[in-house]
Asker: 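Please read through the structure below; I'll follow up with questions.
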Amino acid sequence: MTPAEQIAALRERIRHHEERYYIHTDPEISDAEFDALMRELVALEVQHPLLVTPESPTQRVSGRPAEGFATIAHAEPLLSLDNAYDEGELRAFDERVRKGLGLDADARVTYIAELKIDGLSIALTYEDGRLVRGVTRGDGVQGEDVTVNVRTIRAIPLRLRGVAPARLEIRGEVYLPNRSFARINEERERNDEPVFANPRNAAAGTMRTLDARLVSTRGLSMFAYQVVAPDGDPASLLATQTATLTALAAWGLPVEPHHATCVGIDEVVAFCAAWADARRDLEFETDGVVIKVDDVGSRAVLGATSKFPRWAIAYKFPAQQATTRVTRIDLQVGRTGAVTPVAVLEPVFLAGSTIAMATLHNQQEVARKDIRPGDMVLIEKGGDVIPKVVKPIVSLRPEGAEAPAPFVMPASCPVCQSPLQRPDEEVVWRCENPSCPARLRRSLEHFAGRKAMDIEGLGEALVDQLVSAGLVRDFADLYALDAERLAGLERMGQKSAANLVAELERSRTHDLSRLVFGLGIRHVGERGAQALARAFGTLDAIAGASVEQLQSVDDVGPVVAASVRAFFDAPATGELVERLRAAGLNFGAPVDPDADHGVKPLAGTTYVLTGTLASMTRDEAQAHLERLGARVTGSVSKKTTAVVVGADAGSKLAKAESRGVPTLDEQAFRALVGV
DNA sequence: TCCCCTCGAGTTCA
DNA sequence: CTCGAGGGGA
């Protein structure tokens, strides 16, 4: 045998044993024997360095720590799934599927039910059978490149078995087996390190580690469940999910073995019911069952809503519950002045974390559930992370003189004592004092937030200090801070002070939309701020716009428009705006009405198409309009900028004429879009 | 006028 | 993530 052949044979044997150990959890040889094989391979590779490839099992652990993770866009977004919480919702899903596929009520759709692993989603790319990249789910559109860490996970093959497409994206879930989780926490406890709350947190924390060596010791594993069509070609997808899982296993990827092909929804329901209890014996945590239409062709027919595919649903096992005592009910004051009651709980461990607080949303909610300070309550954590108080356990409530009094909303703000207001028809009580210290703090945090002015380092703790020290009374005061004054604060050295000043400096040039969002105008969120900035160009134009002009902006209706107007009409706003201007913030540039160099000249307009155009299809016409930033809708309303009228126009033309909406003929339309 | 969808706002723990 | 409200289409 040549050295190359020897090395290849060894790698093959090692991979085989890795699979036995990490995928089938049924090793054929002892750890010592396995280590011996590895040492043999290392020795050979040392002698023949040219034969070392990145797919060699010896290359799993990279010696060099990575320098943070690069952000990578997914070829196809990782959608999340709609949830079902009970049998009824599962049956409703089945009905939607049958309707979507045009099947009778008694038809039985073939589904595949897979346990939903509680870990973190990962997208693996294989080129010519070799693992070249691992990316986290991130926000679904882009994730972090964690290839170095993924390569250390023994369940994941560095090289696929058999014949695989030249380029292949595999999706799956990285998780930490319960056994590894227990071991890690024991170690951490011994070393006086904080323990992980649950396996998922431990897995997520591990994947974020920049030290691949550490990752390799943690014992992460993975299950694969999806193949993304190479180059997005649906025809090349495997025909069924069952076939996909078989193919994944054949390529040497770990596949969770307890999946079942179910004919008809009854079998799915039974599967979910069976695993709600049986899951406790598994080596990993699962919080539900993923149900997919098995036939891939049917999936294309069903399509997706804007948020979820219509051919799959995630059934969540019933929420885990616990009982504890409400020690008292606190009140929090938010940025908009909303006063929120919060239950302070005797800490209780529930489904992976210790719960000490739970929001009670508003007074109505507290009254409806009749939760009183001192009550024992049932709390639960469903599929989501945020715990909620289900109900008080009334039978445990003392009677007579001992009975706790029902919760009453105070008449004045717990922070500034100004009277609380609640408009008729609304649920939320608000502190209307714009200079309420609590509101000021929350407002400053919002202003500095990542989606607003993105001032790193200016978080809750620092805001608190700045306000307490009287250094900051409004947004503009932030820009008067200098390193000298900051350095006097607690836990604030020269370095952090200088950093903050630099961050403030950087924030001056941010887009106008961030400033508008940061101002915290009621009913104006991230999107609304973008729409306003885009439509008016400058802060002065927004501030000077009439309610009618504001309403002409897409997605701005009477409520939002009135709120914007009220904000700029408030006595304190004028001075604030001037001080922000003096601080050199980016107030935007006027919109150039006839600018068409690369920008979107039709931004903020809405067109309706009717009739048949001679020179292009309706889709093409729509694409032209959208390319220029216009929106195209299906029916004429007062928001319609103009109706494009082709031959044989229908009722939309009549409607446009009766409402005085301008019309464009084909020639005028082509001039507008420049074709 | 009603319904659907999107957006805003509030929020827990590590 | 969820609830509720606002916007806009039917």
Asker: Identify which nucleotide among B:dA14, B:dA9, B:dC7 has an atom closest to any side-chain atom of A:R527, counting heavy atoms from C-beta outward.
Answerer: B:dC7
Asker: Can you tell me the distance, in whole Å, between the CD atom of A:E380 and the C1' atom of C:dT2?
Answerer: 13 Å
Asker: Where the side chain of A:I355 is defined as all heavy atoms beyond and including C-beta, which of B:dC13, C:dG6, B:dG10 is the nearest nucleotide?
Answerer: B:dC13
Asker: Of all the nucleotides listed (C:dG7, B:dG10, B:dC13), which has the minimum atom distance to the side chain of A:M357?
Answerer: B:dC13
Asker: How many whole angstroms separate atom CG of A:D555 from atom C1' of C:dG8?
Answerer: 9 Å
Asker: Does A:T340 put a side-chain nitrogen or oxygen below 4.0 Å from OP1 or OP2 of B:dT11?
Answerer: yes
Asker: State whether a side-chain donor-acceptor pair under 3.5 Å links A:N433 with A:S435.
Answerer: yes
Asker: Check whether any side-chain heavy atom of A:H510 lies under 4.5 Å from a side-chain heavy atom of A:L515, and answer yes or no.
Answerer: no
Asker: From the options B:dA9, C:dG8, B:dG8, select the nucleotide whose nearest atom is closest to the side chain of A:R335.
Answerer: B:dA9
Asker: What is the distance, rounded to the nearest whole Å, between atom NZ of A:K388 and atom C1' of B:dG10?
Answerer: 15 Å
Asker: Which of these nucleotides, B:dA9, B:dT12, C:dG7, is closest to any side-chain atom of A:V342?
Answerer: B:dT12
Asker: In this structure, how many angstroms lie between the C1' atom of B:dT11 and the CD1 atom of A:I379, rounded?
Answerer: 15 Å
Asker: Whole Å only: how far is the NZ atom of A:K369 from the P atom of C:dC3?
Answerer: 10 Å
Asker: Could you tell me how far apart A:L360 (CG) and C:dT2 (C1') are, to the nearest whole angstrom?
Answerer: 15 Å
Asker: Using a 3.5 Å distance criterion without hydrogens, assess whether the side chain of A:D375 forms a donor-acceptor pair with backbone atoms of A:V377.
Answerer: no
Asker: Starting at the 5' end of DNA chain B, which residue's closest nucleotide do you reach first, A:E526 or A:Q332?
Answerer: A:E526
Asker: Quick one: does any side-chain atom of A:K451 pair with a main-chain N or O of A:G518 as donor and acceptor, under 3.5 Å?
Answerer: no
Asker: Out of B:dT12, C:dG7, B:dC13, which has the shortest distance to the side chain of A:A356?
Answerer: B:dC13
Asker: For the side chain of A:T354, counting heavy atoms from C-beta on, which of B:dA14, B:dG10, C:dG7 is nearest?
Answerer: B:dA14
Asker: Salt bridge check, A:D454 against A:R450: does any charged N sit closer than 4.0 Å to a carboxylate O?
Answerer: no
Asker: Tell me the interatomic distance from A:R522, atom CZ, to B:dC7, atom P, rounded to whole angstroms.
Answerer: 19 Å
Asker: If you look at every strand shown and take non-hydrogen atoms under 4.0 Å, does A:G205 touch a base, only sugar-phosphate, or nothing?
Answerer: nothing
Asker: Measure from CD on A:E445 to C1' on B:dT11 and round the result to the nearest Å.
Answerer: 13 Å
